[in-house]
Number of protein chains: 2
Amino acid sequence: MSRPNQSPERRLELVPVLAHTFAEFGYRRTTTAELGERCGVRENILYRLWPDKRAMFVAALDYVYQLSEKTWNELLARADDRVSPAELILDYESTHQGEFGLYRIVFAGLSETDDPEIAEAMRRLYGRFQHFVRKQVKAHHDGVAVPAVTDPGLVAWAIVGLGTVANIGRELGLLSVRARKRLVGEVGRALLRDWADEG
Amino acid sequence: MSRPNQSPERRLELVPVLAHTFAEFGYRRTTTAELGERCGVRENILYRLWPDKRAMFVAALDYVYQLSEKTWNELLARADDRVSPAELILDYESTHQGEFGLYRIVFAGLSETDDPEIAEAMRRLYGRFQHFVRKQVKAHHDGVAVPAVTDPGLVAWAIVGLGTVANIGRELGLLSVRARKRLVGEVGRALLRDWADEG
DNA sequence: GTCAATAGTAAGTGTGCACTTACATTTGGA
DNA sequence: TCCAAATGTAAGTGCACACTTACTATTGAC
């Protein structure tokens with residue numbers, strides 16, 4: 001034997017670059033030549049690390065979730081007991097949401113769901129997002145007498161929907177920063193609010 | 001002169017076919033050859049009716065909104081005063097939402113927003129959706145003492161978000177028919193509910 | 001130092017597809 | 001019945017781009 005295989009490390013280095021490139025151009029309009037250039041390598045180097053362009057995209061999708069989860073977990077680690085985790089994430093997302101433009105990968109993925117592997121990656125992404133949010137909503141509900149919506153799973157989907165539509169509004173220039181903040185903040189809180197409280 | 005130009009009529013005939021084809025394959029994976037075949041004409045016929053593929057897509061996007069608006073207006077025309085128009089639309093969407101798969105065109109459009117004309121068409125689409133829903137929410141608020149969220153515009157965006165995430169859940173097989181119905185129905189009603197009522 | 005595997009360079013290649021061109025046929029107003 | 005415009009057919013064309021091949025240079029365990 002000679003020279004240890006450093007492919008895994010190399011993949012970890014390059015995935016963020018892939019993700020940002022796919023976010024910028026979408027799936028189809030991203031060329032493997034462009035990916036190589038951004039990564040500072042020739043195309044065939046990428047083809048040694050991943051079997052095809054599709055696999056590069058799937059890797060980028062997985063990276064997007066991991067990055068979000070990491071950010072949220074760091075956020076929750078700094079939580080005190082005055083504000084519930086669910087509210088903390090809402091507040092965070094209402095200001096920082098989408099700031100790296102990575103949501104555009106998700107949009108790209110949504111029109112490539114005929115590919116089973118991409119569909120699977122999208123399922124992982126949305127499934128995990130919803131699962132994560134649901135956990136926080138459930139915890140939040142422990143301190144709530146009469147939740148506006150009883151099923152935490154439904155609330156989690158609705159919150160994911162808020163984030164999604166906020167990103168659509170941003171992408172199309174239909175929602176200002178301020179409007180997006182109010183959308184996620186006010187509607188999100190209405191979904192979490194205690195129905196037993198005063199109006 | 002001889003033979004009147006029937007292009008406008010022909011366009012009206014063909015647009016639904018374009019829309020269903022784009023919905024099936026997305027923007028990039030739809031070939032002009034396929035469009036021609038589905039329309040039962042040669043490619044260059046399509047190029048006489050629209051300048052390029054992009055224009056065909058934009059026409060399909062506009063068609064999608066027109067179809068939805070038509071459906072909703074017919075629905076509202078049958079309304080009585082026991083249920084508010086906003087609730088009527090929620091109930092309708094919670095069962096029939098996305099049934100023709102045309103939402104997939106919207107997903108396709110979301111990853112083509114770098115094209116100014118497509119972006120503009122998407123803005124029209126989402127802008128009109130939100131505007132339409134907002135009108136119904138506003139009317140609904142007239143009969144409500146303390147709305148859960150005061151700004152009808154925000155509520156409208158949230159409802160559009162519910163529809164969007166429900167379609168994503170359907171597309172990825174993450175939400176069953178039943179779950180989608182509950183998502184749009186229960187969360188939608190929570191957003192419309194009167195905060196002054198009993199819990 | 002040797003050798004085998006890794007890492008990198010440079011130049012294809014084949015195909016899919018948006019769009020075009022050249023030509024034939026039909027239509028309907030005068 | 002003429003003829004100009006509309007409608008249709010058939011066969012390109014050129015380019016973008018995913019993926020490959022052939023080759024060179026580096027690394028590091030022995």
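Lettering of chains follows the sequences in order, A, B, ..., and the numbering in each one begins at 1.
- In this entry the distance linking CG of B:Asp52 with P of C:dA18 reads 11 Å, nearest Å.
- B:Phe107 and A:Phe107 have their aromatic ring centers separated by at least 6.0 angstrom.
- Qualifying salt bridge (charged side-chain N to carboxylate O under 4.0 Å, His left out) partners for B:Arg48, counting only residues two or more places apart in sequence or in other chains: none.
- In this structure, B:Lys53 forms a cation-pi arrangement with B:Tyr27, its terminal cationic atom sitting closer than 6.0 Å to the ring centre and no more than 45° off the ring axis.
- In this structure, B:Tyr63 and B:Pro16 have side chains that are in contact, with non-hydrogen atoms separated by less than 4.5 Å.
- Relative to the side chain of B:Arg10, the nucleotides D:dG8, D:dA18, C:dA7 differ in distance, and D:dG8 lies closest.
- Atom CZ in B:Arg42 sits roughly 13 Å away from atom P in D:dG12 (whole-Å rounding).
- Ranking D:dA22, D:dG8, D:dT20 by closeness to the A:Arg48 side chain, first place goes to D:dA22.
- Within residues 18-31 of chain A, no residue approaches DNA chain C, by heavy-atom distance under 4.0 Å.
- Non-hydrogen atoms lying under 4.0 Å from DNA chain C are contributed by nothing in residues 104-120 of chain B.
- Aromatic ring centres of A:Tyr65 and A:Trp72: separated by at least 6.0 Å.
- Looking at the side chain of A:Thr32, the nearest of the listed nucleotides C:dC19, C:dT9, D:dA18 is D:dA18.
- The listed nucleotides are D:dG8, C:dA18, C:dT9; the one nearest the side chain of A:Asn44 is C:dT9.
- Contact between A:Leu175 and A:Arg180 at its shortest, heavy atoms only, is O-NH1, 3.1 Å.
- B:Thr32 contributes atom OG1, which lies 11.5 Å from atom CD of B:Glu37 (distance to the nearest 0.5 angstrom).
- Between B:Ser7 and B:Glu43, the residue anchored nearer the 5' end of DNA chain D, judged by the nucleotide with its closest heavy atom, is B:Ser7.
- Side-chain contact between A:Thr150 and A:Val155: absent, with no pair of heavy atoms (C-beta onward) separated by less than 4.5 Å.
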